[in-house]
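Notes for the one structure printed next.
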Amino acid sequence: MVPCYNEEEVLPETSRRLREKMTSLMDRGLISEESRVLLVNDGSRDRTWEMICQLHQEDPLFEGLKLARNRGHQNALLAGLMTAKDRADAVISMDADLQDDIDAVDRFWEEFQTNGCDIVYGVRNSRETDTFFKRTTAQAFYRLMNLMGAETVYNHADYRLMSRRALEGLAQFGEVNLFLRGVVPMIGYKTAVVEYSRGKRFAGESKYPLSKMLNFALDGITSLSVKPIRFITLLGVLIFMVSLGMLIYFLASHFLGRTVPGWTSMIVSIWAIGGLQLLAIGVIGEYLGKIYLESKHRPRYIIEEYLHS
């Protein structure tokens, strides 16, 4: 299952490699000849959907799912997984940019068939192909997520195998603010990790610039953990304790006749407390916004068209 957003440059090569891999697995009797590749079009603005339709017409191996509008990578993934779960024993999700090593699928399937794992995580074994900035921010992201109480698999994105049983478990999670990297580990069942070398993007541009990565991290933290609010509470208690100490200090200075009026300390205190208050309001506002969206029970995606054999 492959989510696609403006992937016309890479889709021909992606489909070619997937066809070769699927044919190889079928020839070796590892998967059924009824197995399919589901390409999910997430409201692309280029020729991605036209190309998916053409692939489906030329080869029944490829199926297409068109969302009514762009709903984001996580919802596109979920749409594909939920569509495929009733027709498959297991589903493997991967990105269309060919950075995920397709040959790792063999080991995914071995863990599922031989060792009975319901969830198999594809984990990159190094970040040598990343820039220093991306490598540093990615490592900080995973550490921050774990610090905030979100259970994630280090260096795992969305390249994974999930059995039908695991997908049924995933279907029970009804949150609108979706962060699959944190939700999937909450399902349970037997899991395994397969390491692979992640390559460079074959063509096109990354769909996750810095701004989207920051929003993704923020959504992940606020969707899975309440620790930021607890940190604010602890910070408030700490500031209150400091203020009591300062009160005692100033009262002692007053009675000892050492009171010296100073603008600096007053201005710094005003700005510091004001900034902390705005930060606290902002964090609480994020959670209120999440509650607001969840309370509406809006659909996470709407399917416009489904091409299947």
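Side-chain atoms are counted along with the backbone in the values below, which use heavy atoms only and exclude waters and symmetry mates. Treat the numbers as computed from the prediction; the structure is a model and nothing was measured.
By the 4.0 Å N-to-carboxylate-O rule, Arg47 lies close enough to Glu50 to be salt-bridged with it. Using a 4.0 Å cut-off between charged side-chain N and carboxylate O, Glu13 and Arg16 make a salt bridge. Salt bridge Asp106/Arg28: present, at least one basic N to carboxylate O contact under 4.0 Å.
You'll find the ring centres of Tyr121 and Tyr159 outside the 6.0 Å limit.
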Practice task
Verify salt bridge (charged side-chain N to carboxylate O under 4.0 Å, His left out) between Asp103 and Lys21, making sure each step is shown before the conclusion.
Solution key: CA-CA 8 Å; Asp103 289 332; Lys21 174 54 64 177; 3.2 Å; yes

Practice task
Check the pair Gln54 / Glu58 against side-chain hydrogen bond (donor to acceptor under 3.5 Å, both in side chains), numbers first and verdict last.
Solution key: CA-CA 6 Å; Gln54 184 178 353; Glu58 296 174 351; 3.0 Å; yes

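Nearest heavy-atom pair across Tyr5 and Arg45 is OH-NH1, 2.7 Å. Taking every heavy atom of both residues into account, Ala88 and Arg164 meet most closely at O-NE, 3.0 Å. Closest heavy-atom contact between Cys4 and Leu11: SG-CD1, 4.2 Å. Nearest approach of Leu170 to Val183, heavy atoms of both residues: CD1-CG1, 3.7 Å. Listed here is the closest heavy atom pair of Leu65 and Ala79: CD2-O, 3.8 Å. Taking all atoms of both residues into account, the shortest heavy-atom contact from Ala76 to Val40 is O-CG1, 3.8 Å.
Proximity of a side-chain donor or acceptor of Thr114 to a complementary backbone N or O of Glu111 within less than 3.5 Å is not detected. Thr48 contributes no side-chain N or O that, together with a main-chain N or O of Ser44, makes up a donor-acceptor pair within less than 3.5 Å. Judged by distance alone, with hydrogens and angles left aside, the side-chain atoms of Trp49 form no donor-acceptor pair with the main-chain N or O of Lys66 at under 3.5 Å. Although no hydrogens or angles enter the test, the distance criterion places no donor-acceptor pair under 3.5 Å between the side chain of Asp101 and the main chain of Ser197. With hydrogens and angles ignored, the 3.5 Å screen pairs a side-chain donor or acceptor of Ser93 with a backbone N or O of Asp158. The main-chain N or O of Ser32 is found under 3.5 Å from a side-chain atom of Ser35 such that the two form a donor-acceptor pair. For Asn75 (side chain) and Arg71 (main-chain N/O), a donor-acceptor pair under 3.5 Å exists by modelled atom type. A donor-acceptor pair under 3.5 Å is formed between the side chain of Lys190 and the backbone N or O of Asn115. Although no hydrogens or angles enter the test, the distance criterion places a donor-acceptor pair under 3.5 Å between the side chain of Arg160 and the main chain of Ala157.
For residues 86-96, every residue pair satisfying the salt bridge (Lys or Arg N to Asp or Glu O under 4.0 Å) rule, not counting sequence neighbours, is listed here: Glu63-Arg87. Residue pairs meeting the salt bridge (Lys or Arg N to Asp or Glu O under 4.0 Å) criterion with at least one partner in residues 74-83, sequence neighbours excluded, do not occur; the list is empty.
The cationic group of Arg124 does not satisfy the cation-pi geometry with Tyr196, failing either the under 6.0 Å distance to the six-membered ring centre or the 45° limit from the ring axis.
A 4.5 Å side-chain heavy-atom check between Asp100 and Met94 finds at least one atom pair inside the cut-off. In this structure, the side chains of Leu81 and Met1 come closer than 4.5 Å at one or more pairs of heavy atoms.
Linking Ile, Leu, Val, Met, Phe, Trp and Tyr whenever their side-chain heavy atoms come within less than 4.5 Å leaves Ile302 and Leu307 in two separate clusters.
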